[in-house]
Amino acid sequence: MALSGVEIFKLLPKTNCKKCGHPTCLAFAMKLAQRQATLDSCPDVSEEAKRILGEASAPPVRPITLGAGDKAMKMGEETVLFRHEKKFVNPCAFAVEVKDTMSEAEIGTIVDGVLNSEIERVGQRLRVDAIFVNNASSDAGTFEGAVKAIAAKAPGVSLILGTGNAAAAEAALKIVGDKKPILYGANASNAEALAGLAKNYKVTLGVAAKGLGELTDLTEKIKGLGVEDMVIDGGARTAKEILEQNTFIRRAAVKKNVKSVGYPVITFAQRDDRMLELLLGMLGVAKYASIVVMNSIERWKNLALFTLRQNIYTDPQVPMQVEQKIYKIGEPSPESPLLITTNFSLTYFIVSGEIENSKVPCRLAVLDSEGLSVLTGWAAGKFTASKIAAFLQESGIENEIKNKELIIPGYVAILSGAIEEKLPGWKVTVGPREANGLPAFLKAR
Amino acid sequence: MAFAAPKETYSGKVYEVTIGTEGAARIGGENVLPFHAFEGNVPNRPLVAYEVQDVAPEDWPDMVKKPYAAVSADPVKWAQYCQNELKAKAITLRLVGTHPDRDNRSPEDAAKTVKDVLAAIKVPLIILGSNHVEKDSAVLVAVAEAAKGKNCVIGKAQEANYKTIAAAAMANDHKLIAMSELDINLSKQLNILITQMGFDKEKILTDPMSSALGYGLEYTYSVMERIRLAALTQNDVTMQQPMLADVGFYAWKVKEAQASEADLPIGGSLEERSIAWEVTTAGALMMAGAELLIMRHPEAVKAVEKFIDELM
């Protein structure tokens, strides 16, 4: 549990030396409690205080990183149960399972699917993040062969090595141990051996238990063996069990500061029925999984899950925004209409969707209104004639179009005169108030 | 060391609401967050109602028009098909043809359609207007009267027209949907206004307004979650109504549910993608607290029902 300012104050030197940049130790303690300062600014703090404060200030869900390089993903660090309280911090990773008993061709197809899964949506690059290699053969050589083949084909993709067999694990770690894979499969019978490997290769250990009691025993034992970085699996496989275990784990970590379950959760959502698998994946995204493992990664399923993850992990205090620029819809010619709207993502989606429905190729200028919709943006002074004029002038759009005509949303008809004043030579046309009027409006021109 | 499960106890409870007569269905009644049977009672599963319209669904995408092509010209046949062939547990009749921009059908026409549909089915009926504020006042009053004695759900009452619609639902002993626009305070306020008319607070369903996956789902999701937390943890009696998610209406409007594979190569197969959009929207809103879901595609309903089976 986080300490209060006064509790922290008791642990500080109480010299009011100001070396930390704060007028008094109490003021510094208050900043520490709000996590607006860090303890290292105090030169005189005791080792004992460091230990106590370090433990108390550690996030309730331990941060770990899966993979290396530009595709590495941070997990954990979550502090709340519901997204309206505070942003969910690190989006969960999607992983697809490959069994080492599959043929080379089958494995190749799945790996290709991962490599080709990247898309861009609302300014974010999204992809299937990892491959879970399952040592289904229980054979070390077979596992090593599969890992080698995958690593050769997809060197940048993060791996989760699913094996409880220490020999198989070591063979795989010799190949990919430097790429920060997760070694998943530690249980009561192999904990020492796998913890030893995780320490040697400095990788995160995935702990697989049957039930949360056994899970707690295992994580404590493994921590005692010197492994700090873990992801945990309490054995839940049905939707009912996943909801229950993931809820208890998150609650225990966040509200009760139970360290033995304060780790990112790996959720196995595999189903042969692909729509059902999608729903299990949905459950993992909504309810506290840091890694969701699936059987298949068809594009339709990826798109739905990527989009859901964006929705759930977006900051509830900050509206989703798209980049300020002039978007082309269809293949506009120099004669095509130019419209303008704000960069609130919902506004952008709805307006661009209706323009697409009209089948009239257009240019859509999207002005950075700090994520406000048209009327709110206008009222807040973020969608004004001078900002619109400056944006269009700086964009160089004048050189790309023949008719200098700008179509503005009907709700801000009041801006038309002021824009014409600030953009000499331009004609401003007032468009419909609601986006759903755009197809009729554009077709009628 | 044993793990001490951090169970919560909640002070409030969602009202249990019965819909229909002969083949009545019950929703709500739980005293825990959605599907949290591990720490309380969840007596009823969420109810999925198939959507049927009074006019042929010309504006629906082909992918969801197709399953109903043989029956959708006639609301009675359509409703019977959903009940008998698709085993619908409830039907929603959306009177979209009454909208002035559609067929501008009269309240009397709408009342007749409602009577015909009610005579043809046994499962509970949810009756929705066209979401035209003025027209709905007239239409929903007429249909509430026509459906007297059938314990239907009438909606949607909004801030601008709730008085006439609530009065009609009350006079004819129906349940009422109260819809507000994505704001927990507006939702609470509308429930209070309606109960101040003498309407039983335990006969209201709350619709905080749905949105589709990728198009504002996060707002509906959090408003629903907050309403449910207020009901359970603060025992707020004006927020304990079961919640409605009008899923199909929103999910089938967006690009991802319509664009061909050529137009949206990153989305893969249109058939699965479009169904997935309805499925994911429904699933997420159920996790946030929706108990009555209005859906369109039979495959989407099937997937959601299987998921509920696994959760209960």
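Within every chain, numbering begins at 1; the chains are lettered A, B, ... in the order of the sequence lines, protein sequences first and strands thereafter.
No side-chain heavy atom of Val279(B) sits under 4.5 Å from any side-chain heavy atom of Met282(A). Using a 4.5 Å cut-off on side-chain heavy atoms (C-beta onward), Leu280(A) and Glu310(B) make contact. Residues Trp277(B) and Thr307(A) form a side-chain contact, since some pair of their non-hydrogen atoms from C-beta on lies under 4.5 Å apart. No side-chain heavy atom of Phe35(B) sits less than 4.5 Å from a side-chain heavy atom of Leu283(A). Counting heavy atoms from C-beta on, the side chains of Glu218(B) and Tyr313(A) never come closer than 4.5 Å. Annotation: side chain of Met275(A) is not in contact with side chain of Lys302(B) (no heavy-atom distance under 4.5 Å). Looking at Lys255(A) and Glu8(B), their side chains come closer than 4.5 Å, going by heavy atoms from C-beta outward. Side-chain contact between Phe3(B) and Leu215(A) is absent, with no heavy-atom pair separated by less than 4.5 Å.
Here Ser222(B) is the residue among Ser222(B), Pro34(B), Ala300(B), Ser211(B) with the most heavy-atom pairs under 4.5 Å with chain A.
Neither the backbone nor the side chain of Leu305(A) comes within less than 4.5 Å of any heavy atom in chain B. With a 4.5 angstrom heavy-atom cutoff, Glu356(A) touches chain B only via side-chain atoms. Of the two parts of Lys7(B), the backbone and the side chain both hold a non-hydrogen atom closer than 4.5 Å to a non-hydrogen atom of chain A. Neither the backbone nor the side chain of Asn302(A) comes within less than 4.5 Å of any heavy atom of chain B. Within the 4.5 angstrom heavy-atom criterion, only side-chain atoms of Leu346(A), from C-beta onward, approach chain B. Heavy atoms of Ala37(B) lying under 4.5 Å from chain A belong exclusively to its side chain. Met312(B) touches chain A through its backbone: at least one of N, CA, C or O sits under 4.5 Å from a heavy atom, while the side chain does not. For chain B, no part of Arg274(A) is nearby; none of its heavy atoms comes within less than 4.5 Å. Residue Leu264(B) touches chain A through its side chain alone, counting heavy-atom pairs closer than 4.5 Å. Using a 4.5 Å cut-off between heavy atoms, Val285(A) does not touch chain B at all. Residue contact with chain B, scored on non-hydrogen atoms closer than 4.5 Å, involves the side chain of Lys287(A) exclusively. Looking at Glu298(A), there are no atoms closer than 4.5 Å to chain B (heavy atoms on both sides), in backbone or side chain. In this structure, no portion of Arg309(A) lies under 4.5 Å from any heavy atom of chain B. In this structure, the portions of Lys306(B) lying under 4.5 Å from any heavy atom of chain A include both its backbone and its side chain. In this structure, the portion of Thr314(A) lying under 4.5 Å from any heavy atom of chain B is its side chain and not its backbone. With a 4.5 angstrom heavy-atom cutoff, Glu271(B) does not touch chain A via any of its atoms. Contacts between Thr247(A) and chain B at a heavy-atom distance below 4.5 Å involve the side chain alone, from C-beta outward. Looking at Leu279(A), both its backbone and its side chain come within 4.5 Å of chain B, counting heavy atoms on both sides.
Minimum heavy-atom separation, Thr280(B) to Ala304(A): OG1-CB, 3.8 Å. The two atoms that bring Ala303(B) and Leu276(A) nearest to each other are O-CD1, 4.2 Å, heavy atoms only. The minimum heavy-atom distance linking Leu311(B) with Lys240(A) is given by the pair O-CG, 3.6 Å. Smallest separation of non-hydrogen atoms from Arg121(A) and Gly214(B): NH2-O, 3.4 Å. Contact detail for Tyr221(B) and Ala286(A): the closest heavy-atom pair is OH-CB, 3.4 Å.
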